[in-house]
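Atoms considered below: every heavy atom in the structure, side chains included; atoms not considered: hydrogens, waters and symmetry mates. For the single chain, residues carry numbers from 1 onward in sequence order.
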Amino acid sequence: MSEKSLLSSKFLFYTITVSTLLFIVSSLFFLQRHESSFTSSLVRKLILPRTDIKNDDFGKIDTLCDRNRDVLKVFMYNLPSEFHFGLLNWHKKGSEIWPNVKNFSTIPSYPGGLNRQHSVEYWLTLDLLASETPEIKRPCSNAAIRVKNFNEADIVFVPFFASLSYNRKSKLRGNETISGDRLLQERLVEFLKSQDEWKRFDGKDHLIIAHHPNSLLYARTFLGSAMFVLSDFGRYSSAIANLEKDIIAPYLHVVKTISNNESAPFEKRPVLAYFQGAIYRKDGGTIRQELYNLLKDEKDVHFAFGTVRGNGTKQTGKGMASSKFCLNIAGDTPSSNRLFDAIVSHCVPVIISDQIELPFEDTLDYSGFSVFVHASEAVKKGFLMNLLRGITEDQWKKKWERLKEVAGCFEYGFPSQVGDSVNMIWSAVSHKLSSLQFDVHRKNRYRRSEMFDRNRSS
């Protein structure tokens with residue numbers, strides 16, 4: 001290469017390097033000056049993406065959050081208490097709208113049993129209330145704060161405890177001709193449709209939690225433009241709920257979390273494969289009965305009927321913690337809390353549910369700690385057992401170690417922790433904002449000319 005060409009190449013390299021550095025510096029300066037806007041917070045999220053989560057991240061609290069940090073800004077409606085904590089028999093005092101989260105003893109508890117598995121809206125609402133309370137330490141990284149002006153917000157949160165409303169009010173009582181749950185949904189639709197916040201983008205920037213598959217049955221048709229947080233899409237049409245706009249959140253597990261120090265290794269897990277639950281299901285869940293007939297006589301397999309009643313939950317937790325693999329088989333819907341029970345038991349999940357959608361899959365690679373089997377393969381005689389017995393101890397151990405790293409992603413709690421389910425859900429909402437912004441920009445294309453035309457006609 002000639003000296004002249006060499007000098008030209010060096011000059012080009014230095015020019016590109018300097019230009020890149022100037023772009024980064026100017027972008028950060030821009031973000032610092034304009035942090036309150038929807039676009040700037042989105043750009044920051046794209047420039048500074050989330051890294052993979054490690055076990056050491058869980059529970060760490062960085063600094064107090066404020067609106068000048070990289071946080072999701074959330075406007076939350078002050079709905080009457082009968083839509084949220086009133087369903088937990090909380091009674092406001094005076095002009096109160098929300099419980100005083102500074103005093104943990106005044107926060108109503110969520111009901112136990114299987115009710116708790118769909119308690120997502122409870123934890124998210126508490127987290128937003130905590131964001132207004134500096135005394136409560138909570139994460140700022142990939143977190144959310146409540147703002148009082150919806151024009152500052154990235155997303156609008158609807159604090160309706162839809163799953164709890166379904167569990168407690170969907171059955172007719174006494175002389176009722178319409179359920180309390182249906183009445184709340186009708187009132188919610190009427191309220192939202194009348195709000196300027198909803199009208200601005202036809203509700204596309206609203207976040208609604210409907211984690212129980214049967215919750216929001218009436219309202220979902222009218223509110224389908226919003227971003228939903230769901231357990232799966234099993235009972236939704238693709239026009240109302242889909243991966244493009246909606247978020248899958250984990251169930252709250254019902255078995256006890258196994259600590260890393262207590263987690264049994266390969267040689268201390270005598271059961272090869274474990275399943276305990278309802279065997280006779282409808283729809284896609286008929287595969288459970290087929291697998292039961294195939295596996296019931298295998299000596300190192302536990303496949304039995306079970307419920308949460310009595311000592312059922314404790315027994316299931318003990319069984320999972322002493323098993324190498326836990327079967328997560330499609331039931332009435334593609335998902336169940338059994339997957340998350342397995343994860344916190346450090347029992348490698350075997351996912352046999354072709355239509356399942358998984359929480360946080362844009363961040364977590366489930367193949368690193370799970371085994372996926374097509375339903376059509378699983379029901380072939382000998383296929384599943386040969387597959388599981390063919391996984392070596394070293395291969396299993398790699399998945400087990402990864403399970404211990406990611407288990408914290410599937411924990412709900414208050415206050416929230418770095419990398420827990422609440423933190424991960426807010427992060428997932430942030431990831432959806434780019435497509436939301438795209439839709440907003442498209443809608444704004446002809447807004448000026450339409451306003452001009454309306455003004456001229458009036």
Can you tell which of L126, T125, T106 makes a side chain to side chain contact (heavy atoms under 4.5 Å, CB included) with V101?
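Running side chain to side chain contact (heavy atoms under 4.5 Å, CB included) over L126, T125, T106 with V101 returns exactly one hit, L126.
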Among R200, Q195, E197, find the residue that satisfies the side chain to side chain contact (heavy atoms under 4.5 Å, CB included) test when tested with H206.
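Exactly one option meets the side chain to side chain contact (heavy atoms under 4.5 Å, CB included) with H206, and it is E197.
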Ring centroids only, cut at 6.0 angstrom: are Y251 and H118 within range, meaning strictly under it?
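Yes, the ring of Y251 comes within the 6.0 Å limit of the ring of H118, centre to centre.
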Are F160 and Y77 an aromatic pair, judged by ring center distance below 6.0 Å?
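When the ring centroids of Y77 and F160 are compared, they turn out to be at least 6.0 Å apart.
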4.5 Å side-chain heavy-atom contact, [X] and [Y]:
| X | Y | value |
| --- | --- | --- |
| F191 | P80 | no |
| S165 | S170 | no |
| V120 | L252 | no |
| I425 | L124 | yes |
| F83 | L188 | yes |
| W98 | K92 | no |
| L207 | V158 | no |
| V255 | F340 | no |

Suppose we screen for side chain to side chain donor-acceptor pair (under 3.5 Å). Which residues come up paired with [X], at least two apart in sequence or across chains?
| X | result |
| --- | --- |
| Y412 | none |
| D341 | none |
| Q276 | Y274, H302, Q315 |
| N115 | N167 |

Would you give the length of the straight line joining atom [atom1] of [X] to atom [atom2] of [Y], rounded to the nearest 0.5 angstrom?
| X | Y | atom1 | atom2 | answer |
| --- | --- | --- | --- | --- |
| I209 | Y122 | CD1 | OH | 15.5 Å |
| K73 | S430 | NZ | OG | 9.5 Å |
| I97 | F85 | CD1 | CZ | 12.5 Å |
| I356 | I248 | CD1 | CD1 | 9.0 Å |
| H374 | S353 | NE2 | OG | 12.0 Å |
| L223 | I240 | CG | CD1 | 9.5 Å |

Shortest non-hydrogen contact from [X] to [Y]?
| X | Y | result |
| --- | --- | --- |
| L88 | P111 | CD2-CD, 3.4 Å |
| V74 | A153 | C-CB, 4.3 Å |
| L128 | I145 | CD2-C, 4.3 Å |
| P108 | W90 | CG-CB, 3.8 Å |
| F414 | W123 | N-CZ3, 3.7 Å |
| A162 | L216 | CB-CD1, 4.1 Å |

Do any pairs count as a salt bridge (Lys or Arg N to Asp or Glu O under 4.0 Å) and have a residue in [range], sequence neighbours left out, and if so which ones?
| range | value |
| --- | --- |
| residues 246-265 | none |
| residues 353-365 | none |
| residues 125-134 | D127-R138, E132-R146, E132-K148 |

When you look at S105 and N103, which way does the side chain to side chain donor-acceptor pair (under 3.5 Å) test go after all the steps?
CA-CA 5 Å; S105 65; N103 186 351; 2.6 Å; yes
Under the disulfide bond (SG atoms under 2.5 Å apart) definition, can you give me all pairs with a residue in residues 312-357, not counting sequence neighbours?
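Non-adjacent pairs meeting disulfide bond (SG atoms under 2.5 Å apart): C326-C347.
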Side chains of [Y] and [X]: any donor to acceptor distance under 3.5 Å?
| X | Y | result |
| --- | --- | --- |
| S215 | H211 | no |
| D181 | Y166 | no |
| T257 | E411 | yes |

Mind checking whether F266 and W396 have parallel, tilted or perpendicular rings, split at 30° and 60°?
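Judged by the thresholds at 30° and 60°, the geometry between F266 and W396 is perpendicular.
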Would you indicate whether K169, at its atom NZ, is surrounded by more than 12 heavy atoms from other residues, nucleotides or ligands within a distance under 6.0 Å?
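No, NZ of K169 has 12 or fewer neighbouring heavy atoms, counting only those of other groups under 6.0 Å.
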Using only atom types and a distance under 3.5 Å, with no angle test, would you say the side chain of [X] pairs donor to acceptor with the backbone of [Y]?
| X | Y | result |
| --- | --- | --- |
| N328 | I351 | no |
| Q117 | L114 | yes |
| S263 | N260 | no |
| R235 | T333 | no |
| R269 | S323 | yes |
| S322 | G319 | yes |

Partners passing salt bridge (Lys or Arg N to Asp or Glu O under 4.0 Å) against R187 (at least two apart in sequence or in another chain)
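Residues passing salt bridge (Lys or Arg N to Asp or Glu O under 4.0 Å) with R187: E82.
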Non-neighbouring partners of R182 that pass salt bridge (Lys or Arg N to Asp or Glu O under 4.0 Å), sequence neighbours left out:
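Only E186 meet the salt bridge (Lys or Arg N to Asp or Glu O under 4.0 Å) criterion with R182.
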Is there a salt bridge (Lys or Arg N to Asp or Glu O under 4.0 Å) between K404 and E401? Walk through the geometry before answering.
CA-CA 5 Å; K404 291 189 288 183; E401 293 289 358; 3.3 Å; yes
Where at least one partner belongs to residues 227-247, residue pairs that pass ring pair (Phe, Tyr, Trp, His ring centres under 6.0 Å), sequence neighbours excluded
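Not a single pair qualifies under ring pair (Phe, Tyr, Trp, His ring centres under 6.0 Å).
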Between R173 and E176, is the closest basic N to carboxylate O distance under 4.0 Å?
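No, no charged N to carboxylate O under 4.0 Å.
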Residues that F222 engages under side-chain contact (heavy atoms from CB on, under 4.5 Å), provided they are two or more places apart:
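F222: side-chain contact (heavy atoms from CB on, under 4.5 Å) contacts with V189, K193, Y218.
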Yes or no on side-chain contact (heavy atoms from CB on, under 4.5 Å) for L230 and I247, after CA distance, side-chain angles and deciding distance?
CA-CA 6 Å; L230 308 171; I247 291 166; over 6 Å; no
Side chain to side chain donor-acceptor pair (under 3.5 Å) assessment of S163 paired with H212
CA-CA 5 Å; S163 297; H212 192 294; 5.9 Å; no
Step-by-step side-chain contact (heavy atoms from CB on, under 4.5 Å) determination, K399 to V371
CA-CA 9 Å; K399 293 182 182 294; V371 176; 4.1 Å; yes
